[in-house]
Amino acid sequence: MILDPVRRLAWDVLQRAEQDENLDAALDAALASLQDERDRRFLAELVKGALRWRGRYDHLIQRFSRRDAVTPPEVADVLRLGLHQLLGMDRVPDHAAVHQSVALARDVAGPWPAPFVNGLLQSVRRAVGDAPSPLDALRPLFPDPARDPDGWLAAWWSHPRWLVARWRARYGLEATAELCRRNNLPPPLAVHVLAPADPHEVAARLAAAGRHARPGELYPRALLLESEERAALAALLQERPELIVQDEAVQAACDLLLDGVAGPALDLCAAPGGKTARLRAALGAGELLVAADLSARRLRKLLAAAKRIDAGPDLVVSADGRAAPFRAGSFATVLLDGPCTGTGVLRRHPEGRWRLRPESVAGSADRLTELARQAVGLLRPGGRLLYATCSLEPEENEDVLHTILAADPSLAPCPWHANGEWARTWLPQREGADGFFAARLYRQGEAS
Ligand SMILES: C[S@@+](CC[C@H](N)C(=O)[O-])C[C@H]1O[C@@H](n2cnc3c(N)ncnc32)[C@H](O)[C@@H]1O
């Protein structure tokens with residue numbers, strides 16, 4: 001059988017992602033090498049499906065494997081791709097999924113794994129038989145949620161066990177299952193319509209150009225579109241400078257954070273610049289906005305985005321926020337949307353959950369606490385710290401704020417609501433959008 005080059009490309013991308021390469025970049029490069037749109041869709045679905053459902057497929061590999069040895073990563077990726085074609089894609093005939101997987105195994109690992117791959121996939125096929133829903137037929141092979149809830153969440157809903165154990169302790173079994181289920185759905189493309197453009201008019205213009213845009217549910221300036229290949233998305237954004245890509249929950253959070261915002265303002269971890277754009281729009285005319293980030297490469301994206309929407313920061317600085325080159329007490333606003341574990345946005349990064357380790361949370365919390373301390377030092381009396389993460393973990397959210405509040409008596413919560421609310425978490429299983437955390441603090445004292 002001749003090996004299908006698209007399946008081979010999918011395997012290459014998975015292997016690159018395994019080596020911690022940027023998945024988007026690896027997938028974009030592979031997509032760019034394909035002319036046919038159906039091939040490109042097939043490639044993206046193979047890669048993302050195999051990554052999303054990796055925990056479920058690895059459980060099946062373990063159940064059906066008759067080998068004692070650990071399956072080497074290059075063969076595991078062949079099997080994950082094969083299982084995704086058998087169980088997660090309607091249009092691939094079973095025989096093609098199996099034969100192509102055997103050919104792929106031979107191509108990437110030589111002759112030895114071919115019989116193993118063939119035997120394992122044939123056994124899965126036999127176990128499914130003529131069942132109308134292949135997955136239902138395999139359910140009894142997974143842990144029983146009543147006896148081993150974390151094992152069930154990890155294997156059936158395809159997440160690391162340590163992570164679901166954390167979430168289950170916090171949210172309970174049902175809500176954690178719902179969170180995991182949502183993390184496995186392809187997310188919509190959410191865009192923010194910059195004022196003064198009218199979201200209804202923009203939606204109508206997009207519809208006239210053949211793109212269905214529905215209104216967001218959390219924020220009136222949010223539109224939700226079908227997910228796009230990144231090349232098509234870049235073209236859309238070039239045509240529509242009034243749009244920026246931003247999840248609904250983030251849009252709602254920016255609305256609360258930026259209420260009454262004043263300059264001079266610093267965005268300390270600014271790239272690629274989604275929130276810088278919102279900050280720019282919220283500041284009064286002529287108020288200074290500085291954007292800083294550790295990554296010069298990501299700052300180039302911020303500059304390109306600012307050029308596209310024709311609004312950007314007054315100054316862009318490549319700097320480590322833990323030693324930022326600004327005088328203490330210089331800013332009326334410091335936005336800290338720092339580097340976090342990203343456990344709220346796993347639906348957008350199918351590889352992300354497999355890269356996290358239990359110790360990632362504490363490492364990230366320490367980094368964020370250090371950045372928050374520095375951010376606070378840059379605030380003038382009367383100034384506000386706007387704190388945000390796309391993590392669901394309290395260590396990176398409330399705990400960071402409690403640490404800096406305890407260390408500095410001049411800081412106080414800065415409510416955005418008359419009811420005193422100054423911190424909020426958006427949960428994927430509750431709001432249906434990305435997970436996000438936002439909070440505001442205020443440095444007491446007279447503004448000079
Ligand atoms: C969550 S992203 C920021 C997203 C951005 N605020 C937006 O809305 O587009 C976190 C950013 O922190 C930057 N970063 C990581 N460590 C940093 C540090 N020590 N100082 C400054 N920036 C840092 C990363 O390069 C990354 O761009």
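One-based numbering, in listed order, for ligands and for the atoms of each. By convention here, the first residue in the shown sequence is residue 1.
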For Arg182 and Glu178: C-alpha separation, side-chain torsions, deciding distance, then whether salt bridge (charged side-chain N to carboxylate O under 4.0 Å, His left out) applies.
CA-CA 6 Å; Arg182 287 176 183 265; Glu178 181 58 13; 2.8 Å; yes
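Sorted by first and then second residue, the side chain to side chain donor-acceptor pair (under 3.5 Å) pairs with a member in residues 300-315 read Arg280-Asp314; sequence neighbours excluded.
Between the side chains of Gln444 and Ser410, no donor-acceptor pair of N or O atoms lies under 3.5 Å.
Contacts between Ala319 and ligand 1, counted as non-hydrogen atom pairs separated by less than 4.0 Å, involve the backbone only. Neither the backbone nor the side chain of Asp267 has any atom closer than 4.0 Å to an atom of ligand 1 (non-hydrogen atoms only).
Backbone and side-chain nitrogen or oxygen atoms of Cys269 are examined, and one is located within less than 3.5 angstrom of a nitrogen or oxygen of ligand 1. At least one N or O atom of Gly273, backbone or side chain, sits closer than 3.5 Å to an N or O atom of ligand 1.
Ring geometry for Trp53 versus Trp157: interplanar angle of 30 to 60°, hence tilted.
Taking the centre of each ring, Trp422 and His417 stay at or above the 6.0 Å mark.
Within the listing of ligand 1, atoms 18 (C), 19 (N), 20 (N) sit less than 4.0 angstrom from a heavy atom of Asp320.
Residue contacts with ligand 1: Thr389 is excluded, as none of its non-hydrogen atoms falls under 4.0 Å. Within the 4.0 Å heavy-atom shell around ligand 1 one does not find Cys340.
When the heavy atoms of Leu368, Val317, Asp337, Leu294 are ranked by distance to atom 21 (C) of ligand 1, first place goes to Leu294.
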